[in-house]
Novice: 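Take this structure first; my questions come after.
Predicted, not measured: the structure shown is a model, and the values here were computed from it.
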Amino acid sequence: MKFLKSTFKKVSTKLKTLWKTRRWLMIGVIVVLLIIGRMIFASANSQEQLTFVSPTRVNLTKTLEVSGLVDAKEKASMRFLGGGKVVYLGAEEGDQVQKWQTIAQIDAASAAKTKEKYLNLYEKERLDWEQQLDDVEDRAVDQAEQRTVDKNQLDLENTVLDVEIASITVSNTVMSSPIQGILVQSPTNVTGVQLAATDVFLVVNPETLIFRAFVDEADISQVTVNQSAEISLDAYPDEPFSSAVNYIAFQSSSSASGTVFAVELPINQEGGLAKYRLGMNGDAEIVLQEKYDVLTIPLIATRERNGKVYVDVRTGDNSYEEREIETGLETEEKIEVLGGLSETDEILLPE
């Protein structure tokens with residue numbers, strides 16, 4: 001007993017001395033031992049946490065989500081060519097209008113006076129032109145005088161154009177709707193207002209409402225007419241509705257994301273323009289391809305190398321081997337297996 005106490009006392013004394021003289025060395029050794037122990041523990045745990053799953057048979061659907069807005073296939077944007085004072089309104093914004101119904105009329109007297117003015121200018125320019133031709137008829141002219149002759153001829157031609165434009169303005173003092181629909185835009189609801197040539201009346205046929213989506217050129221080859229889709233509008237996020245592609249643009253358009261193609265899907269829903277207003281934004285999920293009862297595995301379990309697809313197949317409790325497989329339809333989460341695996345195999349899921 002005395003021997004043990006003596007031995008313990010000597011060891012304790014040596015440890016105290018060592019701690020005083022080699023304190024940082026001992027701390028370093030302890031830290032290294034802790035790190036090594038942690039790595040060994042983590043390695044052991046990783047061996048225990050391997051996750052394997054078996055292929056399953058499911059219905060697989062590949063979709064494409066695109067953004068777009070509500071529009072109308074049949075709409076008419078109209079304006080008075082030269083503007084003018086409104087003397088008659090046949091409809092107000094929001095009214096139902098019939099085909100060829102008069103929407104508005106501007107003051108024809110003012111347009112007629114303008115036409116008369118341009119006719120007078122034309123006569124004046126014609127007389128000046130004829131007088132100039134008489135002046136140079138029997139003599140040679142220099143380049144400067146010839147340029148003056150040419151300029152006067154252009155002035156005469158411009159007065160002819162002014163008369164023609166004025167005649168068109170007179171004949172277009174009455175505006176009629178070329179389609180049946182709803183007047184959704186009107187620059188005025190009262191007469192006596194002076195309209196500019198840029199003021200627009202817009203008539204829309206509510207029975208031709210569409211959702212116009214924009215598909216990137218990299219995806220447009222996958223989209224075909226009659227593919228089904230589900231549309232969700234930002235204004236009604238809890239009221240998605242079904243539709244189908246009925247038109248794909250033949251010409252591309254430019255957007256902030258690059259080159260896109262317009263794709264149209266009809267909106268055959270109750271409410272019409274009272275609910276689905278032009279310009280509402282939303283998304284369409286187009287069903288590109290569907291397969292039923294196919295063998296699938298999680299997409300994250302696969303990796304691609306040199307154009308081939310591989311997975312890790314379980315060979316024991318915590319062991320596995322790499323195997324090449326043949327794949328088919330791919331979605332964001334799953335991929336179809338055409339060959340290389342059976343339902344009894346187990347594949348490794350990465351952590």
Novice: For atom CG of Asn59, is the number of surrounding heavy atoms from other residues, nucleotides or ligands below 6.0 Å larger than 12?
Specialist: yes

Novice: Using distance only, find each side-chain donor-acceptor pair of residues 67-86 under 3.5 Å and give its atom names and separation, not counting sequence neighbours.
Specialist:
| residue | atom | partner | partner atom | Å |
| --- | --- | --- | --- | --- |
| Ser67 | OG | Asp283 | OD1 | 2.9 |
| Asp71 | OD1 | Lys75 | NZ | 2.8 |
| Asp71 | OD2 | Lys75 | NZ | 3.4 |
| Asp71 | OD2 | Arg212 | NH1 | 2.3 |
| Lys73 | NZ | Glu264 | OE1 | 2.8 |
| Lys73 | NZ | Glu264 | OE2 | 3.4 |
| Glu74 | OE2 | Asn205 | ND2 | 3.3 |
| Arg79 | NH1 | Ala197 | O | 2.9 |

Novice: Hey, could you give me the OH/CZ distance between Tyr236 and Phe241, rounded to the nearest 0.5 Å?
Specialist: 10.5 Å

Novice: Counting C-beta onward and ignoring hydrogens, is there a side-chain heavy-atom pair between Asn246 and Leu265 closer than 4.5 Å?
Specialist: no

Novice: Which pairs count as salt bridge (Lys or Arg N to Asp or Glu O under 4.0 Å) when at least one residue sits in residues 331-343, sequence neighbours excluded?
Specialist: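 Non-adjacent pairs meeting salt bridge (Lys or Arg N to Asp or Glu O under 4.0 Å): Arg57-Glu343, Lys291-Glu336.
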
Novice: Can you pull the salt bridge (Lys or Arg N to Asp or Glu O under 4.0 Å) pairs that have at least one residue in residues 239-259, sequence neighbours excluded?
Specialist: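 Only Glu239-Lys275 qualify under salt bridge (Lys or Arg N to Asp or Glu O under 4.0 Å).
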
Novice: Look at the side-chain heavy atoms of Ile, Leu, Val, Met, Phe, Trp and Tyr, link any pair under 4.5 Å apart, and say whether Ile267 and Val204 land in one connected group.
Specialist: yes

Novice: Knowing that exactly one of Leu295, Ile335, Leu329 qualifies, which makes a side-chain contact (heavy atoms from CB on, under 4.5 Å) with Leu60?
Specialist: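 One option only clears the test, and that one is Leu329.
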
Novice: Answer yes or no: are there more than 12 heavy-atom neighbours, outside Glu346 itself, under 6.0 Å from its atom CD?
Specialist: yes

Novice: Within 45° of the six-membered ring axis of Phe52 and under 6.0 Å from that ring's centre, is NZ or CZ of Arg314 located there?
Specialist: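 Pair Arg314/Phe52 counts as cation-pi.
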
Novice: Test the Arg323-Tyr310 pair against the cation-pi criterion, namely NZ or CZ under 6.0 angstrom from the six-membered ring centroid and within 45° of the ring axis.
Specialist: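 The answer is no; the distance or angle limit is not met.
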
Novice: State the OG1-CG distance between Thr224 and Leu288, to the nearest 0.5 angstrom.
Specialist: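 It comes to 8.0 Å.
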
Novice: In Å, rounded to the nearest 0.5 Å, how long is the span from CD1 of Ile231 to CD of Gln269?
Specialist: 8.5 Å

